[in-house]
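These notes are about the structure you will find just below.
Convention: sequence-line order gives letters A, B, ...; per-chain numbering from 1.
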Amino acid sequence: MGLRVYNTLSKSKEEFIPLEPGKVRFYVCGITVYDYCHIGHARSAIVFDVIYRYLCHLGYQVTYARNFTDIDDKIIRRANELGTDYRTVADRFIAAFYEDMDALGILRPDLEPLATDHIPTMIRIIERLIAKGIAYQSGTDVYFEVERFPGYGKLSGRSLDEMLAGARVEVDVNKRNPLDFVLWKGSKPGEPVWDSPWGPGRPGWHIECSAMGCEYLGETFDIHGGGKDLIFPHHENEIAQSEAAFGVPFVRYWLHNGFVNINNQKMSKSLGNFFIIRDFLKQVHPEALRLFVLSKHYRSPVDFNDENVAEAEKGIERFYGTLAAIQARTPADATPKMTDQALRQQDEELFSLAAALPEAFEAAMNNDFNTALAIGHLFSLQRRLQRFLDQFGQKQLKGAGAVLARRAAAVLVEYAGLLGFLTRNPESFFDEQRKLKLGSTGMTEAEVEGFLELRHRARLAKDFTEADRLRKELEARNILIEDTPQGTRWRVGSRSEA
RNA sequence: GGCGGCAUACCCAAGUGGCAAGGGAGCGGUCUGCAAAACCGUUAUUCACCGGUUCAAGUCCGGUUGCCGCCUCCA
């Protein structure tokens, strides 16, 4: 069965049929670049990154566009606070955005347009709306007249009457209807300006995405994504502008990701429970964050707290632990020239699980990107694989056993890779993980190694009292020891173990 | 007030009418000098509650309760 996606527009799961067979035109609302990104942005970025990866995996030729809103009230305000200009602020936070996204392992979209590079397109659309009598100039501003667009409210599921009854819209003397929204706003002194037929000014927020979407993906495209909060008014207004201007459906499938809560509270600056990606990644590995985010369905809210994050950390360590064991205990040149029959004889269940993973994984993902179920399949394979390894005690694997283990691990890594994790060498992962966590212990790597050396000598001398004392001393600092045939390893306990 | 969503074990969580995935935590065991890690076993006769449809309901329909989001910038 093919891909099915939940479409916010129809409020139901639909079979995904792209406009043009084999091709997908995909647009995701990018950020307004006036501050550092927080973990809510991280969730959205990870979710749409996985959707992008998976569409590519299915063989679609995907054109993926994600914009930057680089002119906006908030950017201007920030520039004034910092005593600089809007361009400096925008460029600075675009650079910061890339640093954060790269750290999270987010693939770059094919197109990353800046709003300010597309003002002529926006002006053309606005002119068209005015010519059709759907937009009007009022003072130095231009507004979209919502009552002239019959479908207004179809995405968010409200009618104009209901919205007006909500009575939380400000009455503006310039507007014919309080719900009319600005397409072009005249500039105030000192603000950045662009020339337009209505005088100097700058575009409204909503028209940016309509312009960049149609310029790169066409008047109708396949998928438009964003956070749930964008459904109204941003995406509702995009539909109104684009469909009123071009007379064709704007987007076939609307996908919206759910929010991140912090300890069951809405994340907000006033509550002070804001986590910035770059700060968070000083404590938690990016792949743990990915596992955490993808362990829940993308449309559900997720609760971000120490315990939930620690679970994800343990999960990612579990996967890499198995990969490390395989690397240590099977020859890298394990010959792949084995018949399936020979491998199956080694471990029927492991062989079957590995062989069935692609189909199981795709069945999960095809059901509206059920990453949580897909991850469940990955864990099942990991556990069976680890169990297979443990059957040999601590011995090296040879022959068909080694090939089977390597092959199962390769499948695991390939499919985890579609979710953007298990992308590292296991040794690199554990090294990164130790370095990340060391900061919280107040110890340096050299100091830990010193302790381990002393303990090693004590153990050789069979002085277990001293060895255990040293281990306890490290444990007190949340440094945990594991003795393995390859030597003593150490790691820093998660925050919940501390 | 209007619109929408959610409720599954100690916790997180999947579940598109047909024996309740997966992870964490706990308990018992194997391994270990002892641990840790890992593995094995175990932990929901039941899915907020009440009705209904059906041979069959966590899943569909109606109602009740509780929680959450949006309606204003917001991923």
By nearest atom, which of the nucleotides [options] is closest to the [X] side chain?
| X | options | answer |
| --- | --- | --- |
| N308(A) | C12(B), A14(B), A75(B) | C12(B) |
| V260(A) | A36(B), A75(B), A14(B) | A75(B) |
| R491(A) | C12(B), A37(B), C71(B) | A37(B) |
| F379(A) | A14(B), U16(B), G22(B) | G22(B) |

Which base, if any, makes a Watson-Crick or G-U wobble pair with [N], both distances under 3.5 Å?
| N | answer |
| --- | --- |
| G4(B) | C68(B) |
| G62(B) | C50(B) |
| C10(B) | G24(B) |
| C39(B) | G29(B) |

What's touching nucleotides 3-10 of chain B from the protein side, N or O pairs under 3.5 Å?
| residue | atom | partner | partner atom | Å |
| --- | --- | --- | --- | --- |
| C3(B) | O2' | G157(A) | O | 3.3 |

In whole Å, what is the span from the [atom1] atom of [X] to the [atom2] atom of [N]?
| X | N | atom1 | atom2 | result |
| --- | --- | --- | --- | --- |
| F319(A) | A37(B) | CZ | P | 18 Å |
| W490(A) | A36(B) | CH2 | C1' | 15 Å |
| F361(A) | A21(B) | CZ | C1' | 15 Å |
| I316(A) | G24(B) | CD1 | P | 13 Å |
| H377(A) | A21(B) | NE2 | P | 12 Å |
| Y152(A) | C71(B) | OH | C1' | 11 Å |
| L378(A) | A13(B) | CG | P | 19 Å |
| L412(A) | G23(B) | CG | P | 13 Å |

For the [atom1] atoms, the ones on [N] and on [M], what distance do you get once it is rounded to whole angstrom?
| N | M | atom1 | answer |
| --- | --- | --- | --- |
| A36(B) | G26(B) | P | 11 Å |
| A9(B) | G58(B) | P | 14 Å |
| C19(B) | A57(B) | C1' | 14 Å |
| C67(B) | A25(B) | P | 31 Å |
| G23(B) | A38(B) | C1' | 16 Å |
| A44(B) | C12(B) | C1' | 15 Å |

- Message: Side-chain N or O of K472(A) versus OP1/OP2 of A35(B): is the shortest distance under 4.0 Å?
- Response: no
- Message: Is there a side-chain contact between N264(A) and the phosphate of C67(B), meaning an N or O under 4.0 Å from OP1 or OP2?
- Response: no
- Task: Please say which of R384(A), Q327(A), Q382(A) ends up in a side chain to side chain donor-acceptor pair (under 3.5 Å) with T322(A).
- Result: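 The residue from R384(A), Q327(A), Q382(A) that satisfies side chain to side chain donor-acceptor pair (under 3.5 Å) with T322(A) turns out to be Q382(A).
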- Between the side chains of H206(A) and H235(A), does any donor sit under 3.5 Å from an acceptor?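 Short answer, no.
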- Query: Mapping P233(A) and N367(A) to their closest nucleotides on RNA chain B, which lands nearer the 5' end?
  - Reply: N367(A)
- Message: Tell me if a side-chain donor or acceptor on N67(A) pairs with a main-chain N or O of P113(A) at a distance below 3.5 Å.
- Response: no
Extract from the structure each pairing of a protein N or O with an N or O of nucleotides 39-41 of chain B at less than 3.5 Å, listing the distance.
| residue | atom | partner | partner atom | Å |
| --- | --- | --- | --- | --- |
| C39(B) | OP1 | R318(A) | NH1 | 2.8 |
| C39(B) | OP2 | R318(A) | NH1 | 3.4 |
| C39(B) | OP2 | R318(A) | NH2 | 3.1 |
| C39(B) | O4' | D390(A) | OD2 | 2.8 |
| C40(B) | OP1 | R387(A) | NH1 | 3.4 |
| C40(B) | OP2 | R383(A) | NH1 | 3.3 |

Assess whether a salt bridge exists between [X] and [Y], defined as any Lys/Arg side-chain N lying under 4.0 Å from an Asp/Glu carboxylate O.
| X | Y | answer |
| --- | --- | --- |
| D100(A) | R278(A) | yes |
| D73(A) | K188(A) | no |
| R77(A) | E81(A) | no |

- Message: My understanding is that only residues two or more places apart in sequence, or in another chain, count here; which of them pass side-chain contact (heavy atoms from CB on, under 4.5 Å) with D303(A)?
- Response: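 By the side-chain contact (heavy atoms from CB on, under 4.5 Å) rule, D303(A) matches N261(A), N264(A), N305(A), N308(A).
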- Query: Would F259(A) pass as stacked on A75(B), i.e. its ring centre under 5.5 Å from the base's six-membered ring centre and planes under 30° apart?
  - Reply: yes
- Query: Where does the angle between the aromatic ring planes of H38(A) and F274(A) fall among parallel (under 30°), tilted (30 to 60°) and perpendicular (over 60°)?
  - Reply: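 Geometry flag for F274(A) against H38(A): perpendicular rings.
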- Ring centers of F361(A), H377(A) separated by less than 6.0 Å: no
- Of all residues at least two apart in sequence or in a different chain, which pass the ring-ring contact (aromatic ring centres under 6.0 Å, His included) check with F93(A)?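 With sequence neighbours excluded, F93(A) shows a ring-ring contact (aromatic ring centres under 6.0 Å, His included) to Y36(A), given in chain and number order.
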- Taking all atoms of both residues into account, what is the closest heavy-atom pair of E317(A) and R491(A), and its distance? OE1-NH1, 4.2 Å
- Of Y253(A), F221(A), Y64(A), Y54(A), the one forming a ring pair (Phe, Tyr, Trp, His ring centres under 6.0 Å) with F26(A) is Y64(A)
- Checking salt bridge (charged side-chain N to carboxylate O under 4.0 Å, His left out) for the pair R455(A)/D468(A): CA distance, chi angles, key distance, verdict? CA-CA 8 Å; R455(A) 178 167 170 277; D468(A) 290 351; 5.4 Å; no
Which side-chain N or O atoms in residues 285-294 of chain A pair as donor and acceptor under 3.5 Å with protein atoms at least two apart or in another chain?
| residue | atom | partner | partner atom | Å |
| --- | --- | --- | --- | --- |
| H285(A) | ND1 | E287(A) | N | 3.0 |
| H285(A) | NE2 | E432(A) | OE1 | 2.6 |
| E287(A) | OE1 | Y320(A) | OH | 2.7 |
| E287(A) | OE1 | L422(A) | N | 2.8 |
| E287(A) | OE2 | Y320(A) | OH | 3.3 |
| E287(A) | OE2 | T423(A) | N | 3.2 |
| E287(A) | OE2 | T423(A) | OG1 | 2.6 |
| E287(A) | OE2 | R424(A) | NH1 | 3.0 |
| R290(A) | NE | L104(A) | O | 3.3 |
| R290(A) | NE | G420(A) | O | 3.4 |
| R290(A) | NH1 | D49(A) | OD2 | 3.2 |
| R290(A) | NH1 | L419(A) | O | 2.9 |
| R290(A) | NH2 | D49(A) | OD2 | 2.7 |
| R290(A) | NH2 | L104(A) | O | 3.3 |
| R290(A) | NH2 | G105(A) | O | 2.9 |

Review item, nucleotides 27-34 of chain B N/O atoms under 3.5 Å of protein N/O:
| residue | atom | partner | partner atom | Å |
| --- | --- | --- | --- | --- |
| G33(B) | O6 | R459(A) | NE | 3.2 |
| G33(B) | N1 | D468(A) | OD1 | 3.0 |
| G33(B) | N2 | D468(A) | OD1 | 3.4 |
| G33(B) | N2 | D468(A) | OD2 | 2.6 |
| C34(B) | O2 | R471(A) | NH1 | 3.4 |
| C34(B) | O2 | R471(A) | NH2 | 2.4 |
| C34(B) | N3 | R471(A) | NH1 | 3.0 |
| C34(B) | N4 | D483(A) | OD2 | 3.4 |

- Query: Base, sugar-phosphate, or nothing for K74(A), non-hydrogen atoms under 4.0 angstrom?
  - Reply: sugar-phosphate
